[in-house]
Amino acid sequence: MTAPTRTPERQRARVYAWAPPARRRPPVMRLLPNLLLGPYALSVFLITLLPASQAAKVTGVVDTLAGWIDARVPQVQSYALLEFLANVALFVPLGVLLRWGWPRVPWWMITLIGLAMTLTIESVQTMLPSRFPTISDIVANTAGTALGAMLVAVLLAMFRRR
């Protein structure tokens with residue numbers, strides 16, 4: 001009588017390794033960024049599409065800060081730089097909320113969403129008499145979205161290592 005032959009599936013050794021259960025985010029942490037995305041997008045559209053005189057009440061911080069720097073640092077074109085940085089800062093939350101709310105979407109796709117939102121805003125601004133669309137706004141807003149998405153990606157990677 002011959003011994004039964006082993007199939008390749010049976011020849012492999014079974015290795016059991018204990019792994020901690022995958023930590024799921026609490027429901028609030030999964031919902032929160034998606035809930036904040038609507039009010040954030042609405043506020044961005046209001047800031048960027050309201051007539052300039054009304055939007056200046058919201059964004060008057062840039063004018064005040066530029067005036068303060070100009071008074072202390074002579075011959076510096078600070079307004080253009082501050083406006084650029086303000087546009088970057090305005091879109092960082094978009095990247096953060098999208099990456100946090102949709103963790104499986106890659107950062108570059110979130111950047112494309114920010115670019116699409118910016119192109120929409122700048123296109124509408126061409127029809128508004130008190131607004132002036134610029135290429136620097138497109139660059140700054142897209143950079144802000146990418147920065148926010150990459151910031152969350154780095155933080156998630158750091159937390160996963162722990």
Using a 4.5 Å cut-off on heavy atoms from C-beta on, say whether the side chain of Tyr40 contacts that of Phe91.
yes
For Thr126 against Pro133, the heavy-atom pair lying closest together
CG2-CG, 3.5 Å
Just wondering, do Trp100 and Asn34 contact through their side chains at under 4.5 Å, heavy atoms?
no
Scan the side chains in residues 139-152 for donor-acceptor partners under 3.5 Å anywhere in the protein, sequence neighbours excluded, and list what turns up.
| residue | atom | partner | partner atom | Å |
| --- | --- | --- | --- | --- |
| Asn141 | ND2 | Asp137 | O | 3.2 |
| Thr142 | OG1 | Ile138 | O | 2.8 |
| Thr145 | OG1 | Asn141 | O | 3.0 |

Residues passing the side-chain contact (heavy atoms from CB on, under 4.5 Å) test with Ile113, sequence neighbours excluded, are Leu98, Trp102
With clusters defined by side-chain heavy atoms of hydrophobic residues (ILVMFWY) lying less than 4.5 Å apart, directly or transitively, does Phe132 cluster with Ile135?
no
How long is the span from the CD atom in Glu122 to the CG atom in Leu115, to the nearest 0.5 Å?
10.5 Å
With side chain to side chain contact (heavy atoms under 4.5 Å, CB included) as the criterion, how do Val44 and Leu90 come out once you've worked through the C-alpha distance, each side chain's angles and the decisive distance to 0.1 Å?
CA-CA 8 Å; Val44 167; Leu90 182 64; 4.2 Å; yes
Within-4.5 Å side-chain heavy-atom neighbours: Leu97 and Leu32
no
Do Leu46 and Leu42 have side chains that approach each other closer than 4.5 Å (heavy atoms only, starting at C-beta)?
yes
Compare every heavy atom of Arg99 with every heavy atom of Trp107, then report the nearest pair and how far apart it is.
N-NH1, 4.1 Å
Would you find a donor on one side and an acceptor on the other, under 3.5 Å apart, between the side chain of Arg131 and the backbone of Val124?
no
Is the backbone N or O of Leu49 less than 3.5 Å from a side-chain atom of Gln125, with the two atoms forming a donor-acceptor pair by type?
no
If you define the side chain from C-beta out and look only at heavy atoms, does anything of Thr48 sit under 4.5 Å from Thr118?
no
